[in-house]
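One structure is given here, and the rest of the page talks about it.
Counting convention: from 1, in listed order, for ligands and their atoms alike.
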Amino acid sequence: MQVEKNVDIVTIAGTRPEIIKLSELVQLLGGQGHALLYTGQHYSDNMKNIFFDELQIKPDYDLRCDTSDVNRLKEKMLELLHQIKPPYVLVYGDTNSTLAGALAAKEVGSTLVHIEAGLRCFDLNVPEERARIQIDSKSDYLFPPTELAKTFLKYEQIEDNVFVTGNLVVDVCRRLSRIAEEHGRRDLPSDYLLLTMHRQENVDEPARLEMLMKHLAGITHKIVFPIHPRTKNSLAKYGISLPANVIAIEPAGYLEFLYLLKHCQLVVTDSGGVQEEAIVLKRPCITLRHVSERWETLLLKANVLFPLYRRDPLSEVVETMLAAKIDRNPYGENVAATMLALIKEIAV
Ligand code: UD1
Ligand code: UDP
């Protein structure tokens with residue numbers, strides 16, 4: 001791999017949500033002195049390339065790791081970072097690529113900036129929660145999206161170099177919202193609920209999946225379900241089939257997904273990013289978990305929790321939430337520009 005030595009800032013991404021959320025900032029950071037390193041944790045075309053194409057960024061280094069193993073991701077990143085020796089490394093969120101990138105950055109002596117710092121669901125069984133805590137504790141600069149996330153950092157005695165920035169997802173939604181209108185599909189119904197589910201605690205256990213199917217079958221609306229590969233694998237492995245009202249589709253590109261989200265009656269999800277996008281686009285949200293780190297959406301009543309083991313029907317919660325009025329976005333505006341200004345101040 002050809003290595004460019006004059007790189008001041010390396011931004012690390014490895015999965016679908018990182019490509020999406022980092023896209024605006026990466027565009028603003030531009031080519032000079034900045035490089036985007038993609039780990040390849042997500043590797044399928046419909047989890048990777050479609051997002052680079054639609055969001056119009058491309059990785060300067062693609063490690064093609066094809067794994068979510070933290071040690072392997074870290075080793076591969078170290079090989080490259082040792083050569084580049086970037087003074088600054090930016091990581092986003094809480095995936096294994098984020099954690100491995102943070103660990104590798106500190107090992108080569110880079111200053112580490114964590115974007116989307118301070119999110120907490122206070123459940124250590126959630127692997128992303130453990131990653132978030134480790135990454136925040138190692139970061140030199142922290143960009144929590146909201147004041148609440150900043151407060152959670154304070155509870156862990158992290159108070160220096162903390163800057164509330166808003167959430168980059170807002171910029172991406174706003175920029176692509178109009179273009180997304182051209183990406184509707186004729187083969188899908190005009191009235192539908194949108195469903196996404198991929199978290200390991202929900203989809204790796206057949207009992208949870210069976211509970212989901214029971215809840216979905218009780219809903220009278222049609223449900224469009226772009227299926228994450230992890231979920232698709234589990235459904236096949238356990239021989240679980242979807243109820244008749246559920247329309248399964250392949251993982252959608254970002255423009256198609258934005259269209260589906262903008263026009264759905266309501267979204268049911270266990271995704272972090274989708275909870276955020278739902279409130280930005282004013283769509284009611286039901287989160288299939290017993291906790292969420294997106295407290296702001298719950299406090300504003302744009303989102304409610306529905307752990308799958310609840311015995312009352314999901315269909316009743318759907319009918320209540322269809323009437324939700326959503327009038328506030330807690331995640332700021334023009335976030336990438338705010339972040340760019342901060343990064344310029346830090347990296348002088
Ligand atoms: C990962 C993140 C999760 C994030 C999610 C976003 C970790 C531990 N988890 O979960 O926090 O919310 O990404 O989508 O980092 N697979 C494919 N093609 C791909 C990627 C994955 O087929 O491009 C399949 C593989 O069978 C793989 C499985 O999905 O083993 C799980 O992928 P993995 O990256 O381990 O975790 P995610 O569930 O995607
Ligand atoms: N998304 C997408 N196509 C899909 C499902 C989701 O483009 O079929 C987008 C969604 O708009 C959001 C991001 O992927 O921006 C969320 O990714 P995911 O749910 O995989 O991860 P999480 O946010 O939970 O980490």
Side-chain angles (χ1 to χ4, degrees), residues 12-24 38-55 64-70 72-73 91-102 116 119 121 126-132 134-135 167-173 176-177 180 183 185 194-204 224-237 248-262 264 267-278 280-281 283 285 287-289 292-294 331:
I12 292 173
T15 63
R16 167 169 79 182
E18 288 154 85
I19 305 172
I20 294 169
K21 287 169 157 181
L22 283 166
S23 60
E24 293 285 314
Y38 187 71
T39 67
Q41 176 177 337
H42 282 176
Y43 50 83
S44 304
D45 267 350
N46 58 15
M47 297 294 286
K48 171 187 172 188
N49 290 332
I50 188 165
F51 297 99
F52 282 120
D53 291 346
E54 288 186 345
L55 296 157
R64 298 176 195 273
C65 294
D66 285 14
T67 179
S68 54
D69 182 274
V70 175
R72 278 169 59 201
L73 290 164
V91 294
Y92 192 108
D94 53 21
T95 67
N96 280 4
S97 289
T98 317
L99 175 60
E116 203 188 60
L119 266 62
C121 67
V126 174
E128 291 83 358
E129 180 82 351
R130 299 194 296 275
R132 289 190 281 263
Q134 285 194 63
I135 299 160
N167 191 319
L168 286 170
V169 84
V170 178
D171 294 24
V172 195
C173 282
L176 296 181
S177 180
H183 289 257
R185 276 172 49 167
L194 181 61
L195 169 70
T196 82
M197 195 166 92
H198 72 275
R199 302 186 70 87
Q200 65 180 63
E201 59 267 32
N202 273 338
V203 308
D204 287 7
V224 175
F225 184 20
I227 308 192
H228 187 288
R230 182 180 202 115
T231 313
K232 192 174 181 179
N233 292 345
S234 272
L235 290 171
K237 179 170 166 191
I249 61 173
E250 286 296 307
Y254 193 62
L255 293 169
E256 182 184 337
F257 191 79
L258 261 192
Y259 181 93
L260 287 170
L261 189 54
K262 280 179 76 182
C264 72
V267 61
V268 181
T269 191
D270 64 5
S271 157
V274 175
Q275 290 173 68
E276 296 162 352
E277 288 165 342
V280 173
L281 297 170
R283 304 319 303 144
C285 183
T287 296
L288 299 173
R289 298 176 61 195
S292 168
E293 43 304 298
R294 275 70 180 182
Y331 292 123

Distance dump, ligand 2 polar atoms to protein, N/O, under 3.5 Å:
{"residue": "ligand 2", "atom": "3 (N)", "partner": "Ala252", "partner atom": "O", "Å": "2.7"}
{"residue": "ligand 2", "atom": "8 (O)", "partner": "Ala252", "partner atom": "N", "Å": "2.8"}
{"residue": "ligand 2", "atom": "11 (O)", "partner": "Glu277", "partner atom": "OE1", "Å": "2.6"}
{"residue": "ligand 2", "atom": "11 (O)", "partner": "Glu277", "partner atom": "OE2", "Å": "3.1"}
{"residue": "ligand 2", "atom": "15 (O)", "partner": "Glu277", "partner atom": "OE1", "Å": "3.4"}
{"residue": "ligand 2", "atom": "15 (O)", "partner": "Glu277", "partner atom": "OE2", "Å": "2.6"}
{"residue": "ligand 2", "atom": "19 (O)", "partner": "Ser271", "partner atom": "OG", "Å": "2.7"}
{"residue": "ligand 2", "atom": "20 (O)", "partner": "Arg16", "partner atom": "NE", "Å": "3.2"}
{"residue": "ligand 2", "atom": "20 (O)", "partner": "Arg16", "partner atom": "NH2", "Å": "2.8"}
{"residue": "ligand 2", "atom": "23 (O)", "partner": "Ser271", "partner atom": "OG", "Å": "3.3"}
{"residue": "ligand 2", "atom": "23 (O)", "partner": "Gly273", "partner atom": "N", "Å": "2.8"}
{"residue": "ligand 2", "atom": "24 (O)", "partner": "His198", "partner atom": "NE2", "Å": "3.3"}
{"residue": "ligand 2", "atom": "24 (O)", "partner": "Ser271", "partner atom": "OG", "Å": "3.3"}
{"residue": "ligand 2", "atom": "24 (O)", "partner": "Gly272", "partner atom": "N", "Å": "2.9"}

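Annotation for Leu73 and Ala100: closest pair CB-CB, 3.6 Å, computed over non-hydrogen atoms. Across all non-hydrogen atoms, the minimal contact from Ala278 to Leu261 is N-CD2, 4.2 Å.
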Determine, step by step, whether Arg283 and Glu277 satisfy the salt bridge (Lys or Arg N to Asp or Glu O under 4.0 Å) criterion, reporting the C-alpha distance in whole Å, the side-chain angles of both residues, the deciding distance to 0.1 Å, and the verdict. CA-CA 8 Å; Arg283 304 319 303 144; Glu277 288 165 342; over 6 Å; no
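With hydrogens and angles disregarded, no donor-acceptor distance shorter than 3.5 Å links the side chain of Glu128 to the backbone of Asp94. In terms of modelled atom types and a separation under 3.5 Å, the side chain of Thr231 and the main chain of Met197 share a donor-acceptor contact. With hydrogens and angles ignored, the 3.5 Å screen pairs a side-chain donor or acceptor of Asp270 with a backbone N or O of Arg199.
The contact shell of ligand 1, taken as protein residues with any non-hydrogen atom closer than 4.0 angstrom, comprises Pro17, Gln41, His42, Tyr43, Ser44, Met47, Ser68, Thr95, Asn96, Glu128, His198, His228, Pro229, Arg230, Asn233.
Partners of Pro251 under the side-chain contact (heavy atoms from CB on, under 4.5 Å) rule, at least two apart in sequence or in another chain, are Arg16, Asn46, Met47, Pro229. Under the side-chain contact (heavy atoms from CB on, under 4.5 Å) criterion, Lys48 pairs with Tyr38, Phe52, Asp62, Arg64, not counting sequence neighbours.
Ring-plane geometry between His228 and His198 is classed as parallel, the angle between the planes falling under 30 degrees on a 0 to 90 degree scale with a further cut at 60.
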